[in-house]
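Encoded as structure tokens, the structure appears first; notes follow it.
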2 protein chains.
Amino acid sequence: MSSVSTSTGRQRILDVAAALVLDRGIDGVPLRQIADIVGMKASSLYYHFASKNEIVVAVFRQGIDVMERAWDDAADTPPHHPRARLAIHVRAHLSALFENGPFTAAHVTAFRTAPPDVRAEIIPIRDAYEARWTELLAELAAGGHLRPGTPLGLSRLALFGSMNSTIEWFDADRGNLDELAEVITTGFWDGFGS
Amino acid sequence: MSSVSTSTGRQRILDVAAALVLDRGIDGVPLRQIADIVGMKASSLYYHFASKNEIVVAVFRQGIDVMERAWDDAADTPPHHPRARLAIHVRAHLSALFENGPFTAAHVTAFRTAPPDVRAEIIPIRDAYEARWTELLAELAAGGHLRPGTPLGLSRLALFGSMNSTIEWFDADRGNLDELAEVITTGFWDGFGS
DNA sequence: GTCTATACCACGATAGAC
DNA sequence: GTCTATCGTGGTATAGAC
């Protein structure tokens, strides 16, 4: 298992690149800066990757991979009643955003400004992840657990927005991810009104 | 009243810059591209602005200004019961995001990767806008209309996330903003569960 | 208020030694 | 697998004519 400080070679480059891209965006990160932090010269990056775009694609891929793994882990737990099933996947998505490196967060924040060819390569992969959520919400709706009348796509997008926007303000070092997941789940399920 | 196609000089530069920054991020937009679309040379931009950062600051300022004006218009309407009061301000915020140029959306999406000095100049201004929301939510909570136990800051951030993340998917040309505002308000107030 | 010309630097990327 | 050296391009910004 790799961690940021112990990874080597290709993975170490991706760790550094993901953190920087999350912070400054794709165009805000020169290859020279990635290389500096890794401890090599920019030209040496080209032994591991053919281009900057290829690094970005690898970062995004790994970000989606982290999300899918978190989903799979969550899906392993025994079946719950509907709300708990949602809660466990919300917690998993937040885990991908905050507990497994900067990859998922980098993907979520930087994808919108990525070059068209990078986007084209990533879209099919992220679609597969989104389809899992659509399916989960469809099952909840079929069981009568979601308000009728709201299109499924809308509630999925609202949930994604609510989860992903935590990147802007949640501090994983100070806050509690379980509590955050509970707030988001409750907000989605019951709302904040009373 | 200025519109994108008829504005001139300084405002025309800002209109173009805001649209491009929304699309590609700050570092993804060369001054030459702004100048091209405006119909001048890049060097001529320096007659109107001292630096690229100054353009970005002006774009963000206007984005916040649009939000505040939308808020003020909403606050002009006679007092409602609590949920309707919230709904009217949600609608106003979405109006700022989609109905008054790309400034507010550019601010929301590009601020996170802005250079530190740009951020420092903008933060106090955006804080004032956020304080309006905090105050509104505090009044709702004081009236017993928000679920007790959820910190006010959390519900404000959840609401912001839900509204601002619509930038990623809502198509103002095809969708209905009133309906969107209703979905978001209902989602915040009552949730999506049943 | 916009132009031409240009300075200066940083960018991504390649070649080839070690 | 990393280095030095370098190429070509394009970035922000300035000077000065018109």
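Only a predicted model underlies this, so the values are computations on that prediction, with no experimental measurement involved. Values below: every heavy atom of this structure, side chains too, minus hydrogens, waters and symmetry copies.
Residues Tyr47(A) and Arg32(A) both approach DNA chain D. Their nearest nucleotides, taken by heavy-atom distance, put Tyr47(A) toward the 5′ side.
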Protein-nucleotides 3-5 of chain D N/O pairs closer than 3.5 Å?
from	atom 1	to	atom 2	distance (Å)
dC3(D)	OP2	Lys41(A)	N	2.5
dC3(D)	OP2	Ser44(A)	OG	2.9
dT4(D)	O4	Ser43(A)	OG	2.6

Using a cut-off of under 3.5 Å, enumerate the N/O to N/O pairs linking the protein to nucleotides 16-18 of chain D.
none

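In this structure, a donor-acceptor pair under 3.5 Å is present between the side chains of Arg126(B) and His107(B).
Rounded to whole angstrom, the span from the CG atom of Leu31(B) across to the C1' atom of dA13(D) amounts to 9 Å. Taking atom OH of residue Tyr46(A) and atom P of nucleotide dG12(C), one finds them 7 Å apart after rounding to whole Å. For the pair Leu45(B) CG and dG1(C) C1', the interatomic distance rounds to 12 Å; values are reported in whole Å. The nearest whole Å value for the distance from the CZ atom in Phe49(B) to the C1' atom in dT14(D) is 18 Å. Atom NZ of Lys52(B) and atom C1' of dT14(D) are 18 Å apart (whole Å). Straight-line distance from the CD1 atom of Ile34(B) to the P atom of dG10(D): 17 Å, rounded to whole Å. Between Asp36(B) atom CG and dG10(D) atom P there is a gap of 12 Å when expressed in whole angstrom units.
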Could you go through residues 26-41 of chain A and list every donor-acceptor pair under 3.5 Å that involves a side-chain atom there, pairing it with any protein atom two or more places apart or in another chain?
none

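Arg69(A) has a carboxylate O that lies under 4.0 Å from a charged side-chain N of Asp65(A), or vice versa, which qualifies the two as a salt bridge. Ion pairing between a basic and an acidic side chain is recognised when a charged N comes within 4.0 Å of a carboxylate O; Glu182(B) and Arg83(B) show such pairing.
Each side-chain hydrogen bond (donor to acceptor under 3.5 Å, both in side chains) pair with one or both residues in residues 158-178 of chain B, not counting sequence neighbours, appears once here: Arg112(A)-Glu168(B), Arg91(B)-Asp178(B), His93(B)-Asn164(B). Annotation: ring pair (Phe, Tyr, Trp, His ring centres under 6.0 Å) contacts involving residues 17-44 of chain A, sequence neighbours excluded, are absent.
Connection of Val90(A) to Val66(A) is not established within any shared hydrophobic cluster, with ILVMFWY side chains joined at heavy-atom distances below 4.5 Å, either directly or through further cluster members.
Legend: residues meeting salt bridge (charged side-chain N to carboxylate O under 4.0 Å, His left out) with Asp72(A), ordered by chain and number and at least two apart, are Arg132(A).
Put simply, CD on Glu139(A) and CG on Leu152(A) are 11.0 Å apart, with the number rounded to the nearest 0.5 Å.
Residue Val29(B) is classed as a sugar-phosphate contact, given heavy-atom separations below 4.0 Å to backbone atoms only.
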